[in-house]
Amino acid sequence: EKLPFFIGVLVVWTTVIFLALHLAYSPREYLNLVREGYGIPCSQDACSKTLEAQYSQLRPLIHEDDIIISSNPWITHYYLGGVDGFLREKIVPTGYAQFGNPTDEYFGIPLFDSQEELRQLRELDQRVWIIVDYKARVFSSPETLELIERTYTKHQESTLMAVYASPSQ
C-alpha cells in the first residue's frame, strides 16, 4: 500500500518541478541549462568534422527571424545557437502517430509531429529550415520524410544530415 502512494507523490513532485522549469525558462534558456548540465553533445566522443563543417556552412545563411526545426535539437542548438522546434513522431505498434502534446518533454520546445504542421509551416512568411539527421529516419515516418523532400527545397545533404528550406518570402 505504501508503494503506490510513494509513486503517486513522486509523479506529482516530478510534474511540479517540470512545470516550474518550463514556466521559468524559455526553450533556448532550457537548452542552455541542458548544455551546462550535460556538457557539449559530443563530450564523450570527438564530434564529426564533417558535421561541424556542414553546420558552419549553414550558420551564416540563417537569419534571426528564420525558424529552425531539427530532428536532433541538442546538436542543432550546439552548432547554431538555437532551435525552434523538434521534428519527431511517436512510434506506435501500427507505425507512427502524434504525441498529443504541443511541446517536447525533454527540451520544452514545440513538437512537430504531423504532416499538417509541416504544411502549415511552409505557408509562413518566414524562412523555415528543417534539419534531418539519423534520428529522423527512426522517429519520423517515411511519409513525413517524403513530404519534407517534396515540399521543401533541399539545401545540402550528406550521409550525416540533410537540410531543407522553404523559400524566403
Side-chain angles (χ1 to χ4, degrees), residues 18-19 21-36 38 40-42 47-48 50-91 96-169:
F18 172 77
L19 289 174
L21 284 173
H22 185 68
L23 293 173
Y25 299 103
S26 72
R28 289 178 192 239
E29 289 171 334
Y30 179 75
L31 283 167
N32 284 331
L33 287 175
V34 168
R35 186 172 168 188
E36 287 175 21
Y38 293 102
I40 63 172
C42 308
C47 289
S48 161
T50 305
L51 185 64
E52 188 173 334
Q54 284 186 274
Y55 274 106
S56 293
Q57 291 173 359
L58 184 59
R59 191 178 308 116
L61 302 175
I62 296 177
H63 299 277
E64 188 175 314
D65 61 339
D66 289 355
I67 297 170
I68 304 168
I69 309 300
S70 176
S71 60
N72 199 337
W74 192 17
I75 296 289
T76 300
H77 184 270
Y78 174 70
Y79 283 112
L80 298 181
V83 63
D84 300 299
F86 193 176
L87 176 66
R88 184 175 182 176
E89 293 172 274
K90 182 178 182 179
I91 299 174
Y96 295 87
Q98 289 182 269
F99 278 96
N101 299 321
T103 58
D104 171 65
E105 64 183 308
Y106 301 108
F107 298 105
I109 58 177
L111 190 58
F112 290 86
D113 59 357
S114 78
Q115 294 175 31
E116 183 57 33
E117 290 170 324
L118 294 171
R119 283 188 200 97
Q120 290 172 356
L121 273 178
R122 181 79 170 75
E123 303 301 318
L124 296 176
D125 288 337
Q126 296 167 275
R127 180 171 297 190
V128 177
W129 296 91
I130 300 179
I131 301 171
V132 175
D133 73 354
Y134 70 95
K135 287 189 172 190
R137 293 181 194 98
V138 175
F139 296 110
S140 294
S141 68
E143 294 81 13
T144 296
L145 296 176
E146 181 183 306
L147 173 84
I148 293 169
E149 180 87 26
R150 196 176 61 248
T151 59
Y152 288 83
T153 302
K154 189 179 290 181
H155 176 70
Q156 61 178 235
E157 182 177 35
S158 75
T159 56
L160 297 174
M161 70 180 203
V163 177
Y164 300 87
S166 65
S168 57
Q169 306 294 333

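- For E89 (side chain) and S141 (main-chain N/O), a donor-acceptor pair under 3.5 Å exists by modelled atom type.
- Counting heavy atoms from C-beta outward, F99 and D104 have side chains that stay 4.5 Å or more apart.
- Here the CG atom belonging to N72 is positioned 4.5 Å from the NZ atom belonging to K135, to the nearest 0.5 angstrom.
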Chi angles and distances behind the side chain to side chain contact (heavy atoms under 4.5 Å, CB included) call for S166, L121: CA-CA 9 Å; S166 65; L121 273 178; over 6 Å; no
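- With a 4.5 Å cut-off on side-chain heavy atoms, Q54 and Y79 do not count as touching.
- The side-chain heavy atoms of L58 and W129, taken from C-beta on, include a pair separated by under 4.5 Å.
- No side-chain heavy atom of K90 sits under 4.5 Å from any side-chain heavy atom of D113.
- Between Y164 and the options Q156, E149, E157, H155, a side chain to side chain donor-acceptor pair (under 3.5 Å) holds for only E149.
- Between V138 and I91, the shortest heavy-atom distance links the atoms O-CD1, 3.6 Å.
- Here I148 contributes atom CD1 and S71 contributes atom OG; the two are 8.5 Å apart, rounded to the nearest 0.5 Å.
- Rounding to the nearest 0.5 Å places CG of D65 at 10.5 Å from CG of D84.
- V128 is not listed as a side-chain neighbour of R122, based on a closest heavy-atom distance of 4.5 Å or more.
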Worked verdict on D133 versus L51 for side chain to side chain contact (heavy atoms under 4.5 Å, CB included): CA-CA 10 Å; D133 73 354; L51 185 64; over 6 Å; no
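- With rounding to the nearest 0.5 angstrom, the CG atom of L147 is 6.0 Å from the CG atom of L118.
- Between R59 atom CZ and L80 atom CG the span is 6.5 Å, to the nearest 0.5 Å.
- Taking both residues in full, the closest heavy atoms of S140 and L87 are given as OG-CG, 3.8 Å, listed atom of the first, atom of the second, then distance.
- For residues 136-148, the pairs satisfying salt bridge (Lys or Arg N to Asp or Glu O under 4.0 Å) are E146-R150, with sequence neighbours left out.
- The side-chain contact (heavy atoms from CB on, under 4.5 Å) test with I67 is passed by exactly one of L124, I130, V83: L124.
- Scanning all heavy atoms of the two residues, the minimum distance from G85 to F112 falls at CA-CE1, 3.8 Å.
- In this structure, CZ on F139 lies 14.0 Å from OG1 on T144, to the nearest 0.5 angstrom.
- Not a single side chain to side chain donor-acceptor pair (under 3.5 Å) links T151 to another residue, sequence neighbours left out.
- Looking at Q98, its side chain never comes within 3.5 Å of a backbone N or O of S114 through a donor-acceptor pair.
- Across I68 and G82, no two heavy atoms sit closer than the pair CD1-O, 3.9 Å.
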